[in-house]
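Step one of this worksheet: look at the structure below.
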Amino acid sequence: MSDNQKMADKAVPVLRFEDFGLAEKILRALNDQGYTSPTPIQQQAIPVVLQGRDVMGAAQTGTGKTAGFSLPVIQVLLPTANTSMSPARHPVRALILTPTRELADQVADNVRNYAHYTGLRSAVVFGGVDMAAQTTALRAGVEILIATPGRLLDHVQQKSVNLSQTSILIMDEADRMLDMGFLPDLQRIINLLPQKRQNLMFSATFSPEIKKLAATILNNPVTIEVARSNATADNVSQAVYQVDEADKSGAVAHIIQSQNLKQVLVFTNTRIGASRLTRLLEKKGIRSTAIHGDKTQPERMAALEAFKQGEIDALVATDVAARGLDIAELPCVINYDLPFTAEDYVHRIGRTGRAGASGDAISLYSAKDERSLADIEKLIKRKLPRTSLTGFDGKKSFSERSVQRQREGGHGMTSSGKRSDRSPYKSVVLERKGKHDPWFDKPYEPSSSSSAEVKEDSKSVEKSPKKKVAALLGGLPKK
DNA sequence: AAAAAAC
């Protein structure tokens, strides 16, 4: 349990969903899903959204963010539900925007479940798939629409959707949308909405650009902040293995095979790298599939589904899968490449250890990655003990390696998936580097600059594309 | 640097 969770438990007497005054139709759906008590972000967000206030929320999916905004939105929209008394065609009342197609699909799944008994209709539109089915759904009328920006604008242009009565706008992963250059699209979409509306914006960071966007879009927002839950959570162990660049794919295969891992998400930095690693793993008999932007959307969806169903062992992904994706009980994430930004590291490893489960995050690094690793440690305010990983069939011969030390047994995960020790992988041959105990992630304070503002002065926010973003923000309609 | 996103 995170510190944040503990604090929330102390501050708020145990709440049940019933205590928010949510309709019985919604509570029944929650009960179907097996949800009984709201998470900290839900406790904060639900009353505020029900009041009709704008929200600036800092939280990642997995904290219960999606339900945090969906449930109150559904409650607010109940009077507009499609009953026998009302006309068939309804305008879109709430619009949820997400940066990636998979995330849109996932949010739509959740919304559909929560709204199951309400008569409210939802639809999801994103690119890469046929428009016809989406158009049909839109023309039949939906109250809640989930979309990626580009395809939504496509539908707008084809006049299959009307946003003139969309009085609730939700921007999920807003910082990612800015990163991906969605600002002009956001601007166009917002121009189609009524001036008077409720705005909910969720972002992993409060960068200057996000604050600026919030200032132009949000109206006297309530700020809801749930601490970065996954990166520093006790339930995710973080291991960093030093490996020669040439040995990285062998190392991944070794980790998967020595532990008989059945569900592991492996991140690479490039699409080509993802495909290449997938082939290598397949060659070693590990059932693998790649998911990245060069794949067709049907391929991407099939890959994700096969992974969730346990039909493949390793899903090799670019950062398309880094954010928000909720894969139930995902036990392990491996960074084949360290991500370009420390922020992305947090998002990637946040795919595991969700909903209180334990998880392992393993990162491979080679000599060239020292700087990236230092950036990550600075962001998560924690030292990641470096460990050498040897004893597997790498390109370098076994004998070239320095002294190895076989860790004694009794570590790793128990059959129940609970951690019996901080050591994620008992059969891996390890070598201690440095003085610290490699099994414990000791919190530490970065030596330079104020710890609270680490992100602000990191070079990741100083890039030139951000300047373009700042310039574009000037063009947004003021309230 | 790379990735993501409409056709």
Side-chain angles (χ1 to χ4, degrees), chain A residues 61 96-107 124-135 138 145-161 171-189 192 203-204 209 245 265-277 290-301 303-304 315-325 335-348 351 366 368-372 375-376 458-466 468-469 472:
Chain A
T61 328
I96 303 172
L97 297 174
T98 72
T100 67
R101 298 163 179 177
E102 280 77 10
L103 196 50
D105 209 19
Q106 177 182 296
V107 170
V124 58
V125 302
F126 51 77
V129 294
D130 191 42
M131 283 189 89
Q134 296 175 357
T135 304
L138 289 173
L145 179 60
I146 301 96
T148 50
R151 178 54 71 91
L152 175 63
L153 286 169
D154 207 345
H155 281 292
V156 165
Q157 212 156 21
Q158 307 209 359
K159 305 238 188 290
S160 42
V161 65
M171 286 158 286
D172 202 4
E173 306 281 356
D175 51 342
R176 185 61 156 190
M177 287 201 269
L178 287 191
D179 285 348
M180 288 168 60
F182 274 144
L183 191 57
D185 284 352
L186 279 180
Q187 199 170 327
R188 280 183 213 112
I189 291 164
L192 300 166
S203 174
E209 289 74 23
E245 194 63 32
L265 179 58
V266 186
F267 283 104
T268 65
N269 283 355
T270 66
R271 293 175 286 197
I272 289 173
S275 288
R276 188 179 296 147
L277 180 59
I291 183 167
H292 55 66
D294 275 345
K295 296 274 182 184
T296 67
Q297 193 54 29
E299 283 172 334
R300 282 164 55 164
M301 288 154 66
L304 191 56
L315 183 65
V316 186
T318 59
D319 280 324
V320 68
R323 292 216 185 196
L325 282 195
N335 285 312
Y336 171 90
D337 294 314
L338 282 186
F340 287 109
T341 71
E343 195 66 44
D344 284 330
Y345 172 85
V346 174
H347 288 291
R348 287 179 178 187
R351 296 315 100 217
S366 62
K368 66 171 172 50
D369 297 320
E370 282 294 349
R371 176 63 188 274
S372 305
D375 285 348
I376 289 166
S458 100
K459 72 183 169 109
S460 67
V461 295
E462 299 291 349
K463 288 179 193 161
S464 61
K466 305 273 179 166
K468 283 184 214 156
V469 166
L472 283 161

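Every chain is numbered from 1, with letters handed out A, B, ... down the list of sequences.
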If I take atom [atom1] in residue [X] and atom [atom2] in nucleotide [N], what distance separates them, rounded to the nearest angstrom?
{"X": "A/F126", "N": "B/dA6", "atom1": "CZ", "atom2": "P", "answer": "9 Å"}
{"X": "A/K295", "N": "B/dA4", "atom1": "NZ", "atom2": "C1'", "answer": "17 Å"}
{"X": "A/F340", "N": "B/dA3", "atom1": "CZ", "atom2": "P", "answer": "7 Å"}
{"X": "A/R300", "N": "B/dA5", "atom1": "CZ", "atom2": "C1'", "answer": "9 Å"}
{"X": "A/H347", "N": "B/dA4", "atom1": "NE2", "atom2": "C1'", "answer": "13 Å"}
{"X": "A/D294", "N": "B/dA5", "atom1": "CG", "atom2": "C1'", "answer": "13 Å"}
{"X": "A/M177", "N": "B/dA3", "atom1": "CE", "atom2": "C1'", "answer": "16 Å"}
{"X": "A/Y336", "N": "B/dA2", "atom1": "OH", "atom2": "P", "answer": "16 Å"}

A/D344 side chain: which of B/dA2, B/dA6, B/dA4 is closest?
B/dA2
Any Lys/Arg nitrogen of A/R371 or A/D375 sitting under 4.0 Å from an Asp/Glu carboxylate oxygen of the other?
yes
A/R176 bridged to A/D319 by N-O distance under 4.0 Å:
no
OP1 or OP2 of [N] versus the side-chain N and O atoms of [X]: is any pair under 4.0 Å?
{"X": "A/T148", "N": "B/dA6", "result": "yes"}
{"X": "A/R271", "N": "B/dA3", "result": "yes"}
{"X": "A/R101", "N": "B/dA6", "result": "yes"}
{"X": "A/T318", "N": "B/dA4", "result": "yes"}

Contacts of A/T270 that satisfy side chain to side chain contact (heavy atoms under 4.5 Å, CB included) - sequence neighbours left out:
A/I272
Could you list the residues that satisfy side chain to side chain contact (heavy atoms under 4.5 Å, CB included) with A/A321, not counting sequence neighbours?
A/F267, A/A317, A/L325
Between A/Q297 and A/E102, is there a side-chain heavy-atom distance shorter than 4.5 Å?
yes
Using a heavy-atom cut-off of under 4.0 Å over every strand shown, decide if A/D319 touches base, sugar-phosphate, or nothing.
nothing
Mind checking if A/G128 touches a base, just sugar-phosphate, or nothing, with heavy atoms under 4.0 Å?
sugar-phosphate
